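For reference, the structure is listed below as structure tokens.
Numbering of ligands and ligand atoms starts at 1, following listing order. Just so we're clear, the structure is a prediction, and the values are computed from it rather than from any experiment.
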Amino acid sequence: MDKDIRRTVISDIFADPAKYVGKTVDVKGWVRTRRGNKNVQFVALNDGSTIKNLQIVFDLQQFSEEELRPITTGSSIHVQGLLIESQGKGQSVEVQAQSLEIYGTAPVESYPLQKKGHSMEFLRDIAHLRPRTNTFSAVLRIRHALAFAIHKFFNDKGFYYFHTPLITASDAEGAGAQFQVTTLNLEELPKTEDGKIDYSQDFFGKMASLTVSGQLEGELGATALGAIYTFGPTFRAENSNTPRHLSEFWMIEPEMAFYEIEDNMDLAEEFIKFCINYALEHCADDIAFLAEHFDKELPERLKFVVENDFVRLPYTEGIKILEESGKKFEFPVYWGVDLASEHERYLVEEHFHKPVILTDYPKEIKAFYMKQNDDGKTVRAMDVLFPKIGEIIGGSQREENYDKLKNRIDELGLTGMDWYLDTRRFGTVPHSGFGLGFERLLLFVSGMQNIRDVIPFPRYPKNCEF
Ligand code: ATP
Ligand code: MG
């Protein structure tokens with residue numbers, strides 16, 4: 001090995017092969033496959049920087065079979081060699097190996113990831129190794145690109161990244177069941193005189209939980225900084241064993257002062273189109289790989305969302321369309337029902353053939369903070385519904401009127417909300433916001449079927465491995 005040659009990242013080679021042809025490159029990575037004959041052996045090498053493997057050619061006049069034997073699927077190697085234009089089909093360039101260092105072997109008998117395709121279920125059981133597969137490396141690169149795109153979008157628009165707490169004592173977030181945070185000895189819980197658990201002895205001196213949404217605190221930021229967004233982990237102890245729910249997921253929650261519901265819808269639409277465009281532009285190879293192996297229509301579906309205006313429709317009209325559809329749904333449709341994903345998908349996939357933003361939902365099925373309409377029955381909510389996913393964004397204009405908000409809080413018997421009500425008590429302004437589930441966006445962009453396959457270490461009921 002020539003110590004003076006620096007490592008070449010494989011994606012850099014494929015980005016501009018001409019720059020490297022005729023030069024010595026130094027590549028390090030994991031072996032995907034090895035094949036060949038008595039004269040020559042071909043190794044497909046991947047270093048995680050791209051879905052594309054670099055072909056390494058070993059001439060058996062220079063390397064002995066003995067030397068190459070440890071090179072099996074999953075082993076890690078370091079190669080220096082000459083980059084040349086490839087004679088074979090399927091790749092533009094290849095490396096003629098000059099020296100080889102083996103970092104680590106991966107014995108065929110015990111390495112779980114072999115060349116043949118594995119089921120998603122099997123890979124979930126070995127989630128600690130699945131980033132080494134083509135599929136998961138593609139998904140994880142897209143995940144990174146989208147996280148970056150989200151920060152870019154908001155930063156370019158002058159939004160501030162605002163950090164809301166993960167541990168919260170507010171039980172009124174209302175978005176889902178919470179995980180409790182405690183240091184009390186569960187075997188021997190301290191009790192008060194009337195037999196209840198004495199939380200004054202708990203770590204925070206009161207009951208605390210993991211956040212189900214950063215929105216309420218986000219509003220405090222927006223009504224001071226103008227426009228903020230949060231982007232962080234969110235926890236919901238809902239026993240939803242669906243392909244769209246995780247117990248730990250990441251949420252993006254922009255919150256904007258002086259935004260009415262129309263501005264909110266414009267932002268949501270622009271935001272999601274920006275993200276998808278960003279992925280199409282920066283993750284073309286990974287999207288093409290996932291399309292080829294899982295979902296042929298993926299590129300079309302992505303372009304379709306970017307190129308079409310979203311339909312904007314009041315809930316009441318949505319219900320009418322569903323009732324008149326003549327379609328047999330599993331769950332009944334009537335005014336006041338919380339739409340199930342089959343209803344949402346009917347509107348998007350069968351009726352409009354476009355993403356739909358449904359607005360003005362019945363107040364009973366929506367959160368207490370949403371702005372009340374004059375009809376006394378509906379609130380200024382907006383859910384963005386997507387093909388294959390159903391709800392991808394949930395948001396609303398917030399109630400800025402102190403009395404109306406206070407009444408609703410009292411009606412629902414919520415307590416401990418004084419800090420939140422202060423935003424309406426002092427210098428209240430119209431404002432709006434929404435929440436996008438990061439993994440729902442990733443499901444859509446990657447074409448994967450199950451939300452457990454778009455996060456490195458999924459948490460769901462009865463599963464908390466690694
Ligand atoms: P759903 O009806 O699908 O459970 P929700 O109404 O509970 O969604 P919100 O409280 O509005 O959702 O949360 C905002 C966004 O967070 C949703 O639009 C969705 O993208 C995402 N989301 C909600 N719950 C989960 C979950 N358990 N796992 C992953 N993403 C989620
Ligand atoms: Mg929910």
Atoms in ligand 1 with a heavy atom of Arg244 nearer than 4.0 Å: 3 (O), 28 (N), 29 (C)
With heavy atoms only and a cut-off of under 4.0 Å, state how Asp383 meets ligand 1: side chain, backbone, both or neither. neither
Ligand 1 versus Arg440: contacting region, heavy-atom distance under 4.0 Å: side chain
Does any N or O of ligand 1 fall below 3.5 Å from an N or O anywhere on Leu436, backbone included? no
Would you call the rings of Phe386 and Phe444 parallel, tilted or perpendicular, where under 30° means parallel and over 60° means perpendicular? perpendicular
Among Phe249, Tyr460, Phe434, which one puts a heavy atom closest to atom 22 (N) of ligand 1? Phe249
List ligand 1 atoms under 4.0 Å from Glu238, heavy atoms only on the residue side. 24 (N), 26 (C), 27 (N)
Please answer whether the main-chain N or O of Phe331 pairs with a side-chain N or O of Glu342 as donor and acceptor at a distance below 3.5 Å. yes
Would you mind running through ligand 1 and noting each atom that sits below 4.0 Å from a heavy atom of Ile451? 29 (C)
Is Glu439 close enough to touch ligand 1? Criterion: a residue heavy atom under 4.0 Å from a ligand atom. no
What closest approach, in Å, do Tyr229 and His151 show between heavy atoms, and which atom pair accounts for it? OH-ND1, 2.7 Å
Could you check Glu260, Gln397, Glu400 and say which one makes a side-chain hydrogen bond (donor to acceptor under 3.5 Å, both in side chains) with Lys371? Glu400
N or O pair under 3.5 Å between Met251 and ligand 1: no
Quick one: does any side-chain atom of Asn401 pair with a main-chain N or O of Lys404 as donor and acceptor, under 3.5 Å? yes
Verdict with reasoning, Thr428 to Thr223, per side chain to side chain contact (heavy atoms under 4.5 Å, CB included): CA-CA 8 Å; Thr428 190; Thr223 53; over 6 Å; no
Please could you name the atoms of ligand 1 that Ile393 approaches to less than 4.0 Å, counting only its heavy atoms? 18 (O)
Hey, mind stepping through Glu269 and Arg312 against salt bridge (Lys or Arg N to Asp or Glu O under 4.0 Å) and telling me if it holds? CA-CA 11 Å; Glu269 184 167 344; Arg312 298 177 182 194; 3.2 Å; yes
